[in-house]
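Input: a single structure, listed below in structure tokens.
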There are 2 protein chains.
Amino acid sequence: MDLVFKALADPTRRVLLDRLFKRNGQTLSELCGGWEMSRQAITKHLAVLEDANLVASVKRGREKLHYLNPVPINEIGERWIGKYERGRLKALADLKRSLENDDG
Amino acid sequence: MDLVFKALADPTRRVLLDRLFKRNGQTLSELCGGWEMSRQAITKHLAVLEDANLVASVKRGREKLHYLNPVPINEIGERWIGKYERGRLKALADLKRSLENDDG
DNA sequence: TTAATAAGCAACCAAAAGGTTGCATGTCAA
DNA sequence: TTGACATGCAACCTTTTGGTTGCTTATTAA
């Protein structure tokens, strides 16, 4: 889980996921286009995403195809965000009450 | 949005959120208990959470009370995770098909 | 076979993150 | 008013992160 959160912390990596979401199975070269950044930098970002199991890759000839794996992101939503969502209204109410109270 | 993702990337900060979720309005001293880490380190982590608007704080006398703000987390779920969830089944199917295909 | 294309590897560097320490400030209670 | 408590500030250090460059390897197409 830590790897997933860390992977998502970088905007470049989130855009890479966005790109793969738009069109799955892109090669490294394709994913490297449109950045002001070297191919190696993108390669590293993709490695981070693979370590976090957010992207899977397959070699086809001299190309490397990349596929988005949405499962870990979905797990964040289910196991971590849902928790706070459940308490959302209560927490907001508590916050408001606390801020309005003279003694804190 | 970037600040929120970055804030969530650190396990210490996620545990801090968990603690506040369990009991809202804790003081700095309370939140500093139970770590193998200095008070200053926790203070910094809380500052990151505040910058990301995940935690709000109020001073009461010499104490500083901390409150969980679940809204940004909820927004991640709605604006970012939902996107991939929608395409989840399709993406998985694509992945499977691609991996099983001889030519990639 | 040879040249171009796609990707991998490794060393290196700067900046940011995470942590520490020491000291200062403000508040409460005796 | 004095001491203890709760927190704030700032300098400093180490490790990680994000990026670069140069070179190598492997595949494809001419």
Side-chain angles (χ1 to χ4, degrees), chain A residues 1-20 23-52 54-67 98 101-104, chain B residues 1-20 23-67 98-99 101-104:
Chain A
M1 185 67 107
D2 201 27
L3 287 179
V4 177
F5 275 111
K6 283 223 166 158
L8 294 177
D10 186 277
T12 300
R13 290 193 286 268
R14 292 201 299 276
V15 171
L16 283 172
L17 293 181
D18 286 345
R19 286 210 197 180
L20 287 178
R23 188 164 60 81
N24 217 356
Q26 294 186 62
T27 68
L28 177 59
S29 297
E30 286 173 317
L31 292 171
C32 285
W35 301 97
E36 298 199 341
M37 196 182 302
S38 71
R39 174 178 58 89
Q40 293 306 330
I42 302 295
T43 298
K44 284 193 187 179
H45 281 302
L46 286 170
V48 172
L49 290 171
E50 288 201 53
D51 282 347
L54 283 161
V55 163
S57 67
V58 191
K59 290 195 91 173
R60 184 182 60 184
R62 63 182 162 183
E63 295 178 319
K64 191 182 179 192
L65 307 182
H66 297 79
Y67 296 91
S98 300
N101 242 342
D102 272 340
D103 61 358
Chain B
M1 185 67 106
D2 202 26
L3 287 180
V4 177
F5 275 110
K6 283 225 164 156
L8 294 178
D10 186 276
T12 301
R13 290 195 285 267
R14 291 201 300 275
V15 170
L16 284 171
L17 293 180
D18 287 345
R19 286 209 196 181
L20 287 179
R23 189 164 60 82
N24 217 358
Q26 293 186 63
T27 67
L28 177 59
S29 297
E30 287 173 317
L31 291 171
C32 285
W35 300 96
E36 299 200 340
M37 197 183 300
S38 71
R39 174 179 58 89
Q40 293 305 330
I42 302 294
T43 297
K44 284 192 187 177
H45 282 302
L46 286 170
V48 172
L49 290 170
E50 287 200 53
D51 282 347
N53 201 28
L54 284 162
V55 163
S57 66
V58 192
K59 291 195 92 175
R60 184 182 61 185
R62 62 181 161 181
E63 296 177 318
K64 191 182 177 192
L65 307 181
H66 297 79
Y67 295 91
S98 298
L99 292 176
N101 241 341
D102 272 343
D103 62 358

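Labels below follow one simple rule: chain letters A, B, ... track the order of the sequence lines, proteins then strands, and each chain is numbered from 1. The figures here come from the full heavy-atom set of this structure, side chains too, leaving out hydrogens, waters and symmetry mates.
Between B:V4 and B:N53, the closest side-chain pair of non-hydrogen atoms is not below 4.5 Å. Between A:L8 and A:L17 there is a side-chain heavy-atom pair separated by less than 4.5 Å. The shortest side-chain heavy-atom distance between B:L54 and B:V48 does not fall under the 4.5 Å cut-off.
Put simply, CG on B:D10 and NZ on A:K6 are 6.5 Å apart, with the number rounded to the nearest 0.5 Å. The distance from the CG atom of B:N24 to the NE2 atom of B:H66 is 11.0 Å, given to the nearest 0.5 Å.
A:D51 pairs by the salt bridge (Lys or Arg N to Asp or Glu O under 4.0 Å) definition with nothing, not counting sequence neighbours. With sequence neighbours left out, B:K64 forms a salt bridge (Lys or Arg N to Asp or Glu O under 4.0 Å) with B:E50. A:R14 meets the salt bridge (Lys or Arg N to Asp or Glu O under 4.0 Å) test with B:D2; sequence neighbours excluded.
Scanning DNA chain D 5' to 3' for nucleotides with an atom closer than 4.0 angstrom to a non-hydrogen atom of chain A gives a first and last hit of D:dT17 to D:dT28.
Across all non-hydrogen atoms, the minimal contact from A:L20 to A:Y67 is CD1-C, 4.3 Å.
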Between the protein and nucleotides 21-25 of chain C, list every N/O to N/O distance that falls short of 3.5 Å.
none

Measure all distances between protein nitrogen or oxygen atoms and nitrogen or oxygen atoms of nucleotides 28-30 of chain C, and list the pairs falling under 3.5 Å.
none

Base versus backbone protein contacts along nucleotides 11-18 of chain C [heavy-atom cut-off under 4.0 Å; B, S, -] = B-----SS
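Atom CD of B:E36 is separated from atom P of C:dT20 by 10 Å (rounded to the nearest Å).
Pairs of residues two or more places apart, or lying in two chains, that qualify as side chain to side chain donor-acceptor pair (under 3.5 Å) and include a residue from residues 33-46 of chain B are B:R13-B:H45.
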Show me the donor-acceptor pairs, under 3.5 Å and distance only, between side chains in residues 25-34 of chain A and residues at least two apart or in other chains.
unit_1	atom_1	unit_2	atom_2	d
A:Q26	OE1	A:R23	NH2	3.3
A:Q26	NE2	A:R19	O	3.1
A:Q26	NE2	A:R23	O	3.0
A:T27	OG1	A:E30	N	3.1
A:T27	OG1	A:E30	OE1	3.4
A:E30	OE1	A:T27	N	2.7
A:E30	OE2	A:R23	NH2	3.3

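Between B:E30 and A:T12, the one whose closest nucleotide on DNA chain D sits nearer the 5' end is B:E30.
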